[in-house]
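A short worksheet on the structure shown next.
For reference, positions follow the sequence shown, starting with 1.
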Amino acid sequence: MAREKRRNVINKVVIIGVIALGIVAFRYFDLGQYLTLDYLKGSQEKFQALYLSHRFLVIVTYMGIYIAVTALSLPGAAVLTLAGGGLFGLIVGTVVVSFASSIGATLACLVSRFMLQDWVQNKFGGKLKTINEGIEKEGAFYLFSLRLVPIFPFFVINLLMGLTRMRLFTFFWVSQIGMLAGTVVYVNAGKELARIDSLSGILSPGLLASFVVLGLFPITVKKLLALYKNKFRPEAAELSSDNLKKSKKKETA
């Protein structure tokens with residue numbers, strides 16, 4: 001038992017060290033300058049030529065960078081999504097970005113779970129009981145709704161979901177589907193990269209409102225179905241039971 005605890009502590013220290021090293025390197029070498037809209041627009045032709053000559057290598061490298069940025073919750077995922085559209089086009093870009101973003105998000109969730117879940121659950125387990133039960137019953141619906149609405153920072157969702165007991169596979173596939181609509185919008189916008197002046201101009205108020213409605217739809221339908229079952233099914237069950245008793249009485253008579 002003591003050996004296992006020691007091993008967990010060592011693993012956590014190693015992971016913290018890797019994360020800290022990645023963040024320090026990102027800041028020290030000013031890597032964020034390469035994840036800006038201006039840099040991307042200025043280097044689009046160079047990257048396009050590189051992609052045409054080394055397609056597989058560029059895709060693998062791009063996915064690795066995207067996964068690392070997302071897993072470490074670093075800024076730049078939106079710009080990288082635009083880059084995917086500018087480099088790979090709508091179809092290939094959507095597939096590549098969708099898997100890279102979902103894998104990175106799942107890794108961020110896993111790190112949050114490994115580092116903090118036990119401490120949070122042990123310290124606030126009683127207060128989190130209702131939340132844990134809700135996640136077990138309807139967690140996929142809630143996550144799907146959050147993923148559909150771009151106004152919620154995705155890295156926050158990754159970290160918070162890591163503190164719950166949602167299965168990682170469920171987190172992965174729900175994120176994959178839930179983020180798909182936003183991914184398509186950004187990848188499609190990336191095809192017209194030269195015309196984009198700011199990230200805020202990609203999502204219009206009308207489009208945001210559509211995402212909000214779409215995000216609330218699955219939860220609303222689930223609640224309405226639950227209300228319908230609770231209100232009408234018991235009555236139907238009672239009626240069928242009464243009819244069964246009446247038919248039995250007629251048979252005995």
Side-chain angles (χ1 to χ4, degrees), residues 1-20 22-23 63 66-74 77 97-183 211-212 214-230 233:
M1 191 70 177
R3 183 179 300 176
E4 184 177 349
K5 288 184 178 180
R6 191 182 303 112
R7 185 182 303 146
N8 287 336
V9 171
I10 293 174
N11 290 337
K12 289 182 180 181
V13 170
V14 171
I15 291 176
I16 291 175
V18 171
I19 294 174
I23 295 175
M63 289 188 69
Y66 202 122
I67 290 171
V69 167
T70 309
L72 295 175
S73 302
L74 296 173
V97 171
S98 179
F99 277 96
S101 59
S102 298
I103 293 171
T106 304
L107 288 176
C109 177
L110 177 62
V111 170
S112 174
R113 176 164 299 177
F114 180 73
M115 299 300 298
L116 298 173
Q117 186 193 48
D118 290 342
W119 179 80
V120 171
Q121 292 290 343
N122 291 334
K123 190 173 182 62
F124 305 103
K127 297 179 181 179
L128 294 175
K129 182 179 179 181
T130 303
I131 296 177
N132 288 328
E133 291 176 352
I135 290 295
E136 290 178 3
K137 293 179 180 178
E138 301 178 339
F141 284 92
Y142 284 116
L143 178 58
F144 183 69
S145 298
L146 292 173
R147 289 302 195 194
L148 278 172
V149 184
I151 59 176
F152 296 109
F154 283 173
F155 77 93
V156 174
I157 298 173
N158 300 337
L159 300 180
L160 290 180
M161 283 296 171
L163 304 180
T164 69
R165 294 174 180 170
M166 176 180 287
R167 293 176 57 199
L168 282 177
F169 180 71
T170 301
F171 178 88
F172 172 79
W173 72 259
V174 173
S175 296
Q176 183 92 27
I177 298 173
M179 293 190 295
L180 186 59
T183 297
F211 276 128
V212 171
L214 190 62
L216 293 175
F217 180 74
I219 288 291
T220 304
V221 171
K222 185 174 179 63
K223 294 296 184 184
L224 290 175
L225 287 174
L227 180 64
Y228 170 79
K229 290 179 180 179
N230 293 333
R233 288 295 178 85

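- Residue Y66 comes nearest to A77 through the heavy atom pair OH-O, 3.5 Å, listed as atom of the first residue, atom of the second, then distance.
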Please assess T106 against F169 for the test side chain to side chain contact (heavy atoms under 4.5 Å, CB included), listing each intermediate value before the final yes or no.
-> CA-CA 9 Å; T106 304; F169 180 71; over 6 Å; no

CA sep, side-chain torsions, deciding dist, call: L163, S112, side chain to side chain contact (heavy atoms under 4.5 Å, CB included) | CA-CA 7 Å; L163 304 180; S112 174; 3.7 Å; yes

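- Expressed to the nearest 0.5 Å, how far OG of S102 lies from CZ of R147 amounts to 7.5 Å.
- Residues T70 and G104 come closest through the heavy atom pair CG2-C, 3.6 Å.
- For the pair M179 and S98, the minimum side-chain heavy-atom distance is 4.5 Å or more.
- Taking all atoms of both residues into account, the shortest heavy-atom contact from T164 to R113 is O-NH2, 3.0 Å.
- When side chains are defined from C-beta on, F155 does not count as touching L74, because their heavy atoms never get closer than 4.5 Å.
- L72 and G22 make their closest contact through CD1-CA, 4.4 Å (heavy atoms, listed as atom of the first residue, atom of the second, distance).
- Between F154 and L146, every side-chain heavy-atom pair lies at or beyond the 4.5 Å cut-off.
- Separating the CD1 atom in I15 from the CE atom in M115 is a distance of 6.5 Å, to the nearest 0.5 Å.
- Between Y142 atom OH and M166 atom CE the span is 11.0 Å, to the nearest 0.5 Å.
- Distance check: R165 CZ to T170 OG1 gives 15.0 Å after rounding to the nearest 0.5 Å.
- The environment of F99 atom CZ is sparse: at most 12 non-hydrogen atoms of other residues, nucleotides or ligands sit within 6.0 angstrom.
- Residues forming a side-chain contact (heavy atoms from CB on, under 4.5 Å) with A71 (at least two apart in sequence, or on another chain): L107.
- I67 and A100 get closest at one heavy-atom pair: CG1-O, 3.5 Å.
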Could you check S175 against L143 for side chain to side chain contact (heavy atoms under 4.5 Å, CB included), going step by step and ending with a plain yes or no?
-> CA-CA 7 Å; S175 296; L143 178 58; 4.0 Å; yes

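- Taking the side chain as every heavy atom from C-beta outward, C109 and L168 approach each other to under 4.5 Å.
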